[in-house]
Amino acid sequence: MTRELLKGNIAIAEAAVRAGLEAYFGYPITPQTELLEYLSVRMNELNRVFLQAESEVAAINMVYGAACTGVRVMTSSSSPGISLMQEGLSYIAGANLPCVVVDMMRGGPGLGNILPSQGDYFQITRSAGHGDYHPIVLAPASVQEAIDFTTLAFDLADQYRHLVILAADGQIGQMMEPAELPPMTEPRKTPPEWALRGAQDRPRNVISSLFMSGEAEEAHNIAIQKRLRKIKKTEPRWQEYNTDDAQLLVIAYGSAGRVAYSALEAARANGLKVGLMRPQTLWPFPEERLSELADRVEMCLVVEMNAGQMLEDVRLATGGQIPVQFYGRMGGIVPSSEEVLKAIETHYNHAAHHA
Amino acid sequence: MLQVVAQPIMQTVYQRPECLTDHHTHYCPGCTHGIAHRLLAEAIDELGIRTQTVLVAPVGCSVFVYDYFNVDACVAAHGRAPAMATGLKRVLPDRMVITYQGDGDLVSIGAGEILHAAARGEHITTIFVNNAVYGMTGGQMAPTTLVGQKTTSSAQGRSVSSTGYPIRMSELLSSLDGTAYIVRRSLHDPASIRKAKKAILTALKVQQAGLGFGMVELLSTCPTNWGIAPDKALEWLETNMLPYYPVGDYKVVPEVAAL
Ligand SMILES: Cc1ncc(C[n+]2csc(CCOP(=O)(O)OP(=O)(O)O)c2C)c(N)n1
Ligand code: SF4
């Protein structure tokens, strides 16, 4: 395969097609609309299902219906649209169905703006709708990673019969980078045994998230929690840079993670022992590894494009072992590496002073 | 002498449709949801499509249809059955996809989803049970509640000045080009029930033939929340609902005649 110059949104769409996407339902919203537009042509070419829904509420419920048939299904949106999808996401989770949702996060709250943001961290990592569960949340930091995580998202969704959210900020959706797409894989031929296809030569299948008795509902929840524990054990993903001798550990994901990496390089050039942990799964959060690192470093600095949301997970993981500092920009502003470097230097010197 | 002994001839004249399970339904005495189930089940059996059918349950008193029908089934979020059915049908164009919805589900919270499914001409069939109240939650006012009708959330009678007018969904949807078959029937007496059965059968054939969106509205009773005895509830339906919601064929595309 060859590397080509690809825009994030298009790369995700084509990666989904190549992962065997059989049905897509969506509603236009910046900054992910190219994804929908691209699939409107591509899916038709391949004789697969594409439908522009009347709203995100309808789109996610169409996804819910299509997911019942056992095919690979996806929708994509951005923050206000993801807010509208919360109902459907909760039903999909309650019915143990696999599906992939792309969230190209933008500035909020409210209508906000169309600039890149990481303001959806709470709404997508906590439960995405009512009830006790967590979607698996993958956070790419480049177009290549967006492609790789799209493939991974479908595999994880199928493996666990679970909802997977690919969460990027609008910058990753909009930027062009050289990247390599995977080869085309054909959609699965035989549907899973739980799929709704008509009760031919087998007892009927029922897909529901309704359990009338407290006992049955609790048993259902216990099963979900068991699955979540397994995911939490096996699926945390992250990247580390210069953590071996780091005194200050920066933690940042997505576009903020890229900026933090540039800042780290500059800090290292200045002789500061700075490391970076870039979570690739926001849920499950790589808390175990972070806790280990917290034993070795003197201080953490969380960098986000929000008011401090992952910050809470970092605090939980580090359990008050070390000071946790925060640097964030809001409103759709991507911090510059210079300002992150400045934040690093300020806290680093402060830590050195106290050491 | 030859003795002739009369042998009783055993013949089944009435039995549970294959399409229904032996689950006891949870419906109140006199509730016509049970009749609607029976009619739909008979129609599915007659067309021999039980193993090709996926049923989408609503949120409402009929949420448990998946327990009563021996077909593949799922439960939608409140009002979203037409969107869910769209997802199913688009992936499985050769299966029969049916939604079963109450009036709160279809006309209120799910008004958007049914309107767009109908406008797109989704090849699905909707059985729409209109009992003029929210049954499951205890008889609150629905968009179909008649003017002046007392409910638990309009205890002084539905007032036009604050809540406007009841929505006639069959009439509304029939104006959309994507619809192929939109009719209203009633379940208040045997003759009407027979006509309802025929309409459900036709609606399913419309889906088989891929003619467009089909819906059968069934005027139904909710004796419990109307606060009327079952027999009186049938009379109440006839006297009060029929004049506002006339039974009839609101949209029947010409191709239906050939089915
Ligand atoms: C989002 C949401 N809002 C409200 C409810 C509560 N609820 C359950 S059933 C129902 C009304 C059902 O009435 P209808 O559709 O007329 O069906 P019926 O029970 O009369 O057959 C309501 C409001 C819900 N389950 N979900
Ligand atoms: S509450 Fe009304 S609609 Fe519900 S089962 Fe009882 S009679 Fe039927």
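Within every chain, numbering begins at 1; the chains are lettered A, B, ... in the order of the sequence lines, protein sequences first and strands thereafter.
- When B:Arg120, B:Met96, B:Gln52, B:His78 are compared by the number of non-hydrogen pairs under 4.5 Å with chain A, B:Arg120 comes out ahead.
- Looking at B:Ala77, both its backbone and its side chain come within 4.5 Å of chain A, counting heavy atoms on both sides.
- Residue A:Val71 touches chain B through its side chain alone, counting heavy-atom pairs closer than 4.5 Å.
- With a 6.0 Å radius and a threshold of 12 heavy atoms from other residues, nucleotides or ligands, A:Ile114 has its CD1 atom at or below the threshold.
- Residues A:Cys68 and B:Met84 form a side-chain contact, since some pair of their non-hydrogen atoms from C-beta on lies under 4.5 Å apart.
- When heavy atoms are compared at a cutoff of 4.5 Å, A:Phe25 approaches chain B solely by way of its side chain, counted from C-beta outward.
- Chain B forms the most heavy-atom pairs under 4.5 Å with one residue out of A:Ser209, A:Ala53, A:Ala66, and that residue is A:Ala66.
- Within a 6.0 Å radius of CG in A:Asp155, other residues, nucleotides and ligands contribute more than 12 heavy atoms.
- More than 12 heavy atoms of other residues, nucleotides or ligands shown are found within 6.0 angstrom of CD on B:Glu46.
- Comparing B:Val63, B:Thr53, B:Asp67, B:Thr21 by heavy-atom pairs within less than 4.5 Å of chain A, the highest count is held by B:Asp67.
- If you tally non-hydrogen atom pairs under 4.5 Å between each of B:Arg50, B:Arg80, B:Lys89 and chain A, the highest count goes to B:Arg80.
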Determine, stepwise, if the pair A:Arg202 / B:Asp72 fulfils side-chain contact (heavy atoms from CB on, under 4.5 Å).
CA-CA 10 Å; A:Arg202 59 158 172 77; B:Asp72 273 8; 2.6 Å; yes

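- Atom CD of residue A:Glu54 and atom OG1 of residue B:Thr86 lie 7.5 Å apart, to the nearest 0.5 angstrom.
- Once rounded to the nearest 0.5 Å, the distance linking OG1 of B:Thr51 with CG of A:Asp201 reads 7.5 Å.
- Residue A:Ala195 touches chain B through its backbone alone, counting heavy-atom pairs closer than 4.5 Å.
- Note that CG of B:Leu88 and CZ of A:Arg197 are 10.0 Å apart. Values are rounded to the nearest 0.5 Å.
- For B:Val75 against A:Tyr64, the heavy-atom pair with the smallest separation is O-OH, 2.7 Å.
- A distance of 7.5 Å separates NE2 of B:His26 from CE of A:Met212, quoted to the nearest 0.5 Å.
- For a residue to count as touching a neighbouring chain, one of its non-hydrogen atoms must lie under 4.5 Å from one of that chain's; by this rule B:Val71 touches chain A with the backbone only.
- Using a 4.5 Å cut-off between heavy atoms, B:Phe64 contacts chain A through its side chain alone, with no backbone atom that close.
- Per-residue counts of heavy-atom pairs under 4.5 Å with chain B were compared for A:Arg48, A:Met62, A:Glu87; the largest is that of A:Met62.
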What's the verdict on side-chain contact (heavy atoms from CB on, under 4.5 Å) for A:Leu51 and B:Arg90, showing C-alpha distance, side-chain angles and the deciding distance?
CA-CA 9 Å; A:Leu51 185 60; B:Arg90 293 283 174 133; 3.6 Å; yes

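- Taking the side chain as every heavy atom from C-beta outward, B:Val91 and A:Glu22 never approach each other to under 4.5 Å.
- Only the backbone of B:Ala76 comes within contact range of chain A, with at least one heavy atom under 4.5 Å from a heavy atom of that chain.
- In this structure, chain B has heavy atoms under 4.5 Å from both the backbone and the side chain of A:Gln200.
- By the neighbour-count criterion of 12 heavy atoms within 6.0 Å, atom CZ of A:Phe211 is densely surrounded, having more than that number from other residues, nucleotides or ligands.
- Using a 4.5 Å cut-off between heavy atoms, B:Arg95 contacts chain A through its side chain alone, with no backbone atom that close.
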